[in-house]
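Okay, so here's the structure we're looking at.
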Amino acid sequence: MRLSRATLSRIAPAARPLAEPRVTGVVHLGIGAFHRAHQAVYTERAMAATGDDRWGICGASQRSTDVADRLRPQDCLYGVRAGDEVRVVGSVRDVLAPGDDLAARLAAPETAVVTLTITEKGYRRDPPPTAIGRLVSGLRARAAADAGPLTVISCDNLPDNGATLAGLVAELCEPALLEWVGQNVRFPATMVDRIVPATTRADLDDMAARLGVIDLGAVVTEPFAQWVIEDSFAGERPAWDRAGALLVGDVRPYERMKLRLLNGGHSAIAYLSGAAHVSEAMGDAAFAGFLRRLMDDDLSPTLDGLEGFDLAEYKESLLTRFANPGLRHRVAQIAADGSQKLPQRLLDPARDRLAGGHEPRWIALVVAGWMRHVTTSRELDDPLAGRLRGDATATAAATVNRLLAIEEVFGADLRENRVFRALVTDGLERLNADGAAATLRALDAGPP
């Protein structure tokens, strides 16, 4: 029997939805597992805390009907397992497939907020981003309908994601629409944090056993969740602060912390650990030691503006989260789209270290690991895959020269920086000669 509103009575009361929205006030672009385990959960808790039932979510799939096919037969209900806790979430009211009329939803007067999780590659300018184009079409329809102000919130891992999104929207607007957007739309920056692996068949079977009904929309995550939002809204919004979100004047310090420590740590796992799952990587003492050095020596010194925040405790919490065996977080999932992820996760802090006269040797080793990955992987999942692949038998120097020349990834500055080039070349030579495991063991045996 399938999960639906008709079968909710079969679910234990403690696992039933916290709220039942009557109005759709939020439209979300990119309704994948992360949104369902993060913003949708915060939104339901906000409704439960206030009794305000106007904040149901209409999700919009960008490329596939898969999520719509999974959720629509379930009345858009789905379960979230966070550690040992399981709860059915009811904040999603509808899911649009790629061909459905998203513009009409964005133009509806009851819609007050749009959120996006379209991944880093969804913000590329070449080719033009489809999701941003659909958003602009909706804004055009909203302006024509005089439907009122709108807050548009990027929840993707990008520096200054609000300003980045606003800039892409502006590029696609004609002058009259751009003027309307400037007067009626806000793009607050955010930082989002929750580890959400891709759902497996085993996860679905486990959820069915726990709920007593089949749930094809289930997601598995960790107990930890964090959402920091710039307090800049065009109109009304869910009371996310009542659900644990932090509203601040400046998101950037938190954003850099998460991008560089958590996401940068994930990239290190993806390109140097050799593990299939994140928790397995943390079981290797040499790799765990390297990750600590990366965080302490190269990444933490680039963070500021966190007065009163316990950075040491945060790093310890990350190591604990990474080691959680209950999260079957596939390393291959993290390794995908590296050309889009490395700049903000590791290359920006490398620039900061170089500008201060320091050698970002641990960052450089991760970059070398990425270069080895893109050169040797048979199936490379990256929007620049055609340009990244190369001769696996080439020398380390030749590979570094070829890849540093890709300005979309490294810019002109890192390509010309002799210190960075030398560090990455040395790292790739070590990895090619000895492999990642032996290289990390040798580093672990050396002085800190």
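If you're wondering where the values come from, they're calculated on a predicted model, not measured in any experiment. Note that the numbering runs from 1 along the sequence shown for the chain.
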**Item:** Side-chain donor/acceptor of Ser61 to backbone N/O of Arg63, under 3.5 Å
**Value:** no
**Request:** Sequence neighbours left out, what passes side-chain contact (heavy atoms from CB on, under 4.5 Å) with Ala288? Give chain and number order.
**Result:** Met282
**Side chain proximity check, Val114 to Leu150, heavy atoms < 4.5 angstrom** = yes
**Prompt:** Got a second to check how far Asn263's CG is from Leu299's CG, nearest 0.5 Å?
**Reply:** 11.0 Å
**Prompt:** Tell me, do Glu255 and Asp160 make a side-chain contact under 4.5 Å, heavy atoms counted?
**Reply:** yes
**Message:** To the nearest 0.5 Å, what is the distance between CG on Asp352 and CZ on Arg256?
**Reply:** 8.0 Å
**Fill in**
For Asn324, the side-chain contact (heavy atoms from CB on, under 4.5 Å) test, sequence neighbours excluded, returns Leu327
**Request:** Just do the side-chain contact (heavy atoms from CB on, under 4.5 Å) check on Cys173 and Trp180 with the steps written out, would you?
**Result:** CA-CA 10 Å; Cys173 289; Trp180 182 88; over 6 Å; no
**Prompt:** Under a 4.5 Å cut-off applied to non-hydrogen side-chain atoms, are Asp381 and Asp337 in contact?
**Reply:** yes
**Prompt:** Roughly how far apart are Asp297 CG and Phe290 CZ, rounded to 0.5 Å?
**Reply:** 10.0 Å
**Message:** We want to know whether Thr221 and Arg81 form a side-chain donor-acceptor pair, criterion being a heavy-atom distance below 3.5 angstrom.
**Reply:** no
**Prompt:** For Tyr42, which residues count as a ring-ring contact (aromatic ring centres under 6.0 Å, His included) partner, sequence neighbours excluded?
**Reply:** His38, Trp227
**Request:** Output the distance between atom CZ (Arg372) and atom CG (Leu272), rounded to the nearest 0.5 Å.
**Result:** 9.0 Å
**Request:** With salt bridge (Lys or Arg N to Asp or Glu O under 4.0 Å) as the test, would you mind laying out the steps for Arg140 and Glu174 before giving the verdict?
**Result:** CA-CA 9 Å; Arg140 188 175 293 113; Glu174 62 274 16; 3.0 Å; yes
**Prompt:** Sub-3.5 Å donor-acceptor pair from the side chain of Asp310 to the main-chain atoms of Glu313, do we have one?
**Reply:** yes
**Item:** His329-Phe322 aromatic ring centre distance below 6.0 Å
**Value:** no
**Request:** Can you sort out the partners of Glu85 under salt bridge (Lys or Arg N to Asp or Glu O under 4.0 Å), two or more places apart, ordered by chain and number?
**Result:** none
**Complete:** In terms of heavy-atom contacts, Ile334 and Ala270 come closest through CG2-CB, 3.9 Å
**Prompt:** Is the backbone N or O of Glu379 less than 3.5 Å from a side-chain atom of Ser377, with the two atoms forming a donor-acceptor pair by type?
**Reply:** no
**Request:** Report yes or no: does Arg402 contribute a side-chain atom to a donor-acceptor pair with the main-chain N or O of Leu388 at less than 3.5 Å?
**Result:** yes
**Prompt:** Would you say Tyr314 and Leu318 make side-chain contact, with heavy atoms under 4.5 Å?
**Reply:** yes
**Complete:** Applying side-chain contact (heavy atoms from CB on, under 4.5 Å) to Ala412 and not counting sequence neighbours gives Glu407, Arg415
**Prompt:** Does the side chain of Glu408 come within less than 4.5 Å of Gln340's, by heavy atoms?
**Reply:** no
**Item:** Heavy-atom side-chain proximity of Thr399 to Leu428 below 4.5 angstrom
**Value:** yes
**Prompt:** Checking Thr425 side chain against Ala422 main chain: does a donor-acceptor pair fall under 3.5 Å?
**Reply:** no
**Message:** Considering only residues two or more places apart or on different chains, which pairs with a residue in residues 182-192 satisfy side-chain hydrogen bond (donor to acceptor under 3.5 Å, both in side chains)?
**Reply:** Asn161-Thr190
**Request:** For residues Met371 and Leu403, report the shortest heavy-atom separation together with the two atoms involved.
**Result:** CG-CD1, 3.4 Å
**Asked** Does Arg237 make a cation-pi contact with Phe233, if we ask for NZ or CZ under 6.0 Å from the ring centre and within 45° of the axis?
**Response** yes
**Asked** Under 3.5 Å, is there a donor-acceptor pair between the side chain of Glu230 and the main chain of Pro188?
**Response** no
**Fill in**
In short, Leu259 meets Gln344 closest at the heavy-atom pair CD2-CG, 4.1 Å
**Prompt:** Does the side chain of Lys341 pick up a donor-acceptor pair with the side chain of Ser267 at under 3.5 Å?
**Reply:** no
**Message:** Does either side chain, that of Asp69 or that of Thr65, offer a donor lying less than 3.5 Å from an acceptor on the other one?
**Reply:** yes
**Request:** Check salt bridge (Lys or Arg N to Asp or Glu O under 4.0 Å) between Asp382 and all other residues, then give those that pass, not counting sequence neighbours.
**Result:** none
**Asked** For Arg72 and Asp100, which heavy atoms make the closest approach, and how far apart are they?
**Response** NH2-OD2, 2.8 Å
**Asked** Is NZ or CZ of Arg194 both nearer than 6.0 Å to the six-membered ring centre of Phe34 and within 45° of the ring axis?
**Response** no
**Step-by-step salt bridge (Lys or Arg N to Asp or Glu O under 4.0 Å) determination, Glu44 to Arg87** = CA-CA 11 Å; Glu44 182 176 72; Arg87 180 177 296 282; 5.5 Å; no
**Prompt:** Closest approach of Leu354 and Pro360, non-hydrogen atoms and distance?
**Reply:** CD2-CD, 3.7 Å
**Request:** With the side chain counted from C-beta on, respond yes when Val192 and Gln226 share a heavy-atom pair under 4.5 Å apart, and no when they do not.
**Result:** no
**Message:** Can a donor-acceptor pair be found, under 3.5 Å and without considering hydrogens, that links the side chain of Gln74 to the backbone of Leu77?
**Reply:** yes
**Fill in**
Residue set satisfying side-chain hydrogen bond (donor to acceptor under 3.5 Å, both in side chains) with Glu316, at least two apart, ordered chain then number -> Arg292
**Prompt:** Is it the case that Trp55 and Ser91 place a side-chain donor and acceptor less than 3.5 Å from each other?
**Reply:** no
**All pairs passing side-chain hydrogen bond (donor to acceptor under 3.5 Å, both in side chains) where residues 25-36 contributes a residue, at least two apart** = His28-His35, His28-Thr115, His28-Thr117, His35-Gln39
**Asp156 side chain to Ile118 backbone, donor-acceptor under 3.5 Å** = yes
**Asked** CG/Leu443 to CZ/Arg361 distance, rounded to the nearest 0.5 angstrom?
**Response** 6.5 Å
**Complete:** In this structure, CG of Leu404 is separated from CZ of Phe410 (nearest 0.5 Å) by 5.0 Å
**Message:** Using a 3.5 Å distance criterion without hydrogens, assess whether the side chain of Asp215 forms a donor-acceptor pair with backbone atoms of Ala208.
**Reply:** no
**Prompt:** Is the side chain of Asn417 donor-acceptor paired with the backbone N or O of Phe420 at a distance under 3.5 Å, no angle test?
**Reply:** yes
**Val400 to Val424 - nearest heavy-atom pair and separation** = CG2-CG1, 3.9 Å
**Request:** Could you tell me whether Asp298 and Arg293 have a side-chain N and a carboxylate O separated by less than 4.0 Å?
**Result:** no
**Prompt:** Taking only residues two or more places apart in sequence, or in another chain, which ones meet Arg201 in a salt bridge (Lys or Arg N to Asp or Glu O under 4.0 Å)?
**Reply:** Asp205
**Request:** Give the intermediate values and the outcome of salt bridge (Lys or Arg N to Asp or Glu O under 4.0 Å) for residues Arg210 and Asp206.
**Result:** CA-CA 6 Å; Arg210 291 170 183 263; Asp206 176 73; 2.7 Å; yes
**Fill in**
The side-chain contact (heavy atoms from CB on, under 4.5 Å) partners of Arg242 (sequence neighbours excluded) come to Ala49, Thr50, Ala239
**Message:** Going by the rule salt bridge (Lys or Arg N to Asp or Glu O under 4.0 Å), which residues pair with Arg45 if we only count those two or more places apart in sequence or in a different chain?
**Reply:** none
**Item:** Non-hydrogen side-chain atoms of Leu29 and Leu135 separated by less than 4.5 Å
**Value:** yes
